[in-house]
Amino acid sequence: MSAAGDDGLDEIQGIFFEECAEGLAVAEQGLSAMAGGQVSADVIAGVFRAVHSIKGGSGAFGHMALLAFSHRFENVLDEVRGGAIPPDAAVTGIMLGAFDILSDHVAAAQSGGTPPADAAMLEQLDKLLANKGAAAEPAPAPAEPAPADEFGFAPVAVDLDILDDPFGFEPVAISLDDLAGEPAGGWTVRFGPSRDAMANGGEPILVIRELERMGGQILDADLSALPPLRDLDPEESYCVWTIGLPATIDEADIRECFDFVAPDSLIDIRRQETAPGAAPPKPEPVPEIAPLPAPALRVVETSEPAAPEARPADAPQQTIRVDLSKLDQLLNLIGELVIQGSILSDRLAPADQERVELPQLARLTRQIQDNVMSLRAQPIRQAFSRVPRMLRDLMAATGKQVVLETIGETTEVDKGVLEKIGDPLTHMIRNAVDHGIESPEERLAAGKSAEGTIRLSAEQKGARIIVRVADDGRGIDRARVRAKAIEKGIVSPDAVLSDEEIDNLICAPGFSTAETISNISGRGVGMDVVRSNVEALGGRVEIHSVPGEGTSFTMALPLTLAILDGMIVRLADQRFVLPLSNVVETVQPVAGQVKRVSPGSEVIELRGAYLPMRRASELFAIAEHQRRAPEESVVIIVESGVSGLVGLMIDTIENRREVVIKSLEDNLYPIRGLGGATILGDGSIALILDIDALIVSPGFNKFAPKGMAA
Amino acid sequence: MSRIEEPGIDERKVVTFTLGNQLFGIDMRAIVEIREWEEPTPLPGVPPYILGVTNLRGAVVPVVGLAERLGWTPSPIHARSCVLVAHVGGKQAGFLVDELADIVVINGADIQPAPDTGVNESNVVSGLARIERRQLGSEANDAMVLLLDLDAISLVRQIADIAA
């Protein structure tokens, strides 16, 4: 096969694996619902369809281990669907286990790695089939269909793919053709998969999708061979499609689409000699859509289905798959546009800045930016979806019993943030199971239910996304944490620490209270990694613990990693950016308004109340002679997640502007207290302050590297 | 970045520069660009040899005092001070050097393994080579170049030290 053909195949494979991921998500949701007691024909059928389509594709691409396993799994699901195997807790448990192995199989097929050991699971599945099912035969033949009336769902699975997809895809396909200025003529392809094509793993929809991608459209679907429902075998293929393709396509390319189709299928490719002018035949039932004027608009369309993977596997998806790096590039360019806009604004006289063109340009830029951000927004479900599996493994390893509750998994978050949530989330869940949740005996002795609960929640609060992992376990043993921290030399034995400060010690580098190092957590890096990862994202971690009642870890993350609304402030000769989301108000202190209450702490009086205040000049170790007195400074009242309002004393405020966040990590490493850097209009660099890490975190002074601490 | 003509087998182009009285060399393939010294934006809480960050065509790049990093006395800033921007372990960093000397071709066979030079990390100097040093208005004379292995200077390695 030509190199181009290989590329094409890789691309189809890529789609297959994306569909696998979607299928796995659907299956997992269904199985989790069943485990939670929600057993319905719809749920079972959904799981069956998902596994079925994974099986279909795996055969087409020669992933034989995946094919064999998914086939067996499908057989069991088929029996469950037909009622021959009751979906009780034991069976659901086995199916969850089978699902985990199926995920491993998919991962192995995708990475080209070794397939997982599935013999034990296959045996369990076979046992299920042998004991309860009618069709015990484990051979890779289609399962015996259940009685006709019982299997109303199976034909739907096949037919929806066939009937719905064309209507979902066609409007876009036509408009693209129109744009391309298609010449006269064109190809007509008739395609009728052989009866047993699907039993051999051939999935006709993959071929049709590939043709559609080349600009093809289904002109006709001949269903005359379709038997009455009662006689229909869902495993067989009955349809013959007529597909029109633009004349610009090579015959060889069309033929290549059929490389993996069973040899005895009907494949008829011929050129339309008589096509009149530039009007290829258009199917009647398809609504005409005005030609889309610009490629940009096509991209915007992809944002319409807010959560593509949330749809059932067989729903039509009006989407275009876009390489993520292209979106990243687009976002970068818009960042530069924002900077250039600021520079332009700076260069103009104040009167000109207010003229109509500039605000309009700013508004347009903002709209483009919002649009691109929405393209990158993904539901947090993607990060949450691997938690159930991990919990099952952890439960098996620890013997603890845990119920997972998830809340707000449709909350949308930038893809970049989403990718970085995974690791901290893993550590937090592991930590909760390993250190938080007690063993069933301990729980019963403490008057709790034997099963622990972990509540995983996400919500958007302003420009932040709040992800919380809360358990109802034993809470943090503060005496033990403190003793351990002293033993490790993290705090001095005579240090006076608040409960909150002690809780935060578990995030200190090198801290671990696990008596024995388990293979789950207890390597002493877990929570440290969580905190540094989250802070590198410009977020923060909060810990709340009530002894005997449980612990919650809260990550507060920015919605986007790219652009920040900031206040530019000046300190000594340097400019800094303060995230506007933290700023509450600014105060010009008068003499006596700032009072020192102890050698290390000051307060500012504000309308009769006293707020803690920090001098940025001390935090940044500015030379003594450059430090200003409070009366010559400005105090910015900032809001922090933990301690509420705090004053931050800086020299002056310059202006307010949107800045593009450049990570320090790209060429250096994350620095505590800084959320990154940005390039100002004059080309100079300003550091972005991470207010929470800088002021609020009680650990800051104790753990900050020298030179940074007050 | 334009590719330099490939020198002969086992020959490499080396950018040489001085720190104090000592001549150093960095493989030219690692160099991104050479720029004039410009005061970088200082960073809080970093080791003294990280002088700050600077704007390299839209990227935020650290500037490292190479002399301090190698344990020598810090370079004084003067009119010929310059910054060598180089690839270091997948990242970019600028290195402050005293003065740029030359670009020379060194044959791999002429490079000796480095003896203990008193530099705090022995593996930072990957080798020694003798070169002919061109100087304006005087006879060409021999000089010794300490070839630096930039990846061994990698700043990433320092993270553990800083966090500890």
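Reckoned from all heavy atoms, side chains included, excluding hydrogens, waters and symmetry mates.
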side-chain contact (heavy atoms from CB on, under 4.5 Å) between A:Phe576 and B:Thr41, worked out: CA-CA 10 Å; A:Phe576 294 90; B:Thr41 304; over 6 Å; no
In Å, rounded to the nearest 0.5 Å, how long is the span from [atom1] of [X] to [atom2] of [Y]?
| X | Y | atom1 | atom2 | value |
| --- | --- | --- | --- | --- |
| A:Lys662 | B:Asn55 | NZ | CG | 8.0 Å |
| B:Glu39 | A:Ser684 | CD | OG | 13.0 Å |
| B:Leu43 | A:Phe620 | CG | CZ | 10.0 Å |

State whether the number of non-hydrogen atoms from other residues, nucleotides or ligands found under 6.0 Å of B:Arg35 atom CZ is greater than 12.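 Yes, CZ of B:Arg35 has more than 12 neighbouring heavy atoms, counting only those of other groups under 6.0 Å.
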Surrounding CD of A:Gln626 (heavy atoms of other residues, nucleotides or ligands, distance under 6.0 Å), is the total greater than 12?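 Yes, enclosed.
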What residue in B:Gly52, B:Ala59, B:Pro42 has the most heavy-atom pairs under 4.5 Å with chain A?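 Winner by heavy-atom pair count: B:Pro42.
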What are the two closest non-hydrogen atoms of B:Pro44 and A:Leu687, and how far apart are they?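 Nearest pair, atom of B:Pro44 first, then A:Leu687: CD-CD1, 3.9 Å.
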So among A:Ile685, A:Asn667, A:Leu668, which one has a side-chain contact (heavy atoms from CB on, under 4.5 Å) with B:Val61?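 Running side-chain contact (heavy atoms from CB on, under 4.5 Å) over A:Ile685, A:Asn667, A:Leu668 with B:Val61 returns exactly one hit, A:Asn667.
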Contact origin within A:Ile679 toward chain B - heavy atom pairs under 4.5 Å: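 Side chain of A:Ile679 only, per the 4.5 Å heavy-atom cut-off to chain B.
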Please enumerate all residues that pass salt bridge (Lys or Arg N to Asp or Glu O under 4.0 Å) together with B:Arg130, with sequence neighbours excluded.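 For B:Arg130, no residue satisfies salt bridge (Lys or Arg N to Asp or Glu O under 4.0 Å) once neighbours in sequence are set aside.
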Considering only heavy atoms, which portion of B:Pro48 lies under 4.5 Å from any heavy atom of chain A: side chain, backbone, both, or neither?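 Contact with chain A involves no heavy atom of B:Pro48 at all.
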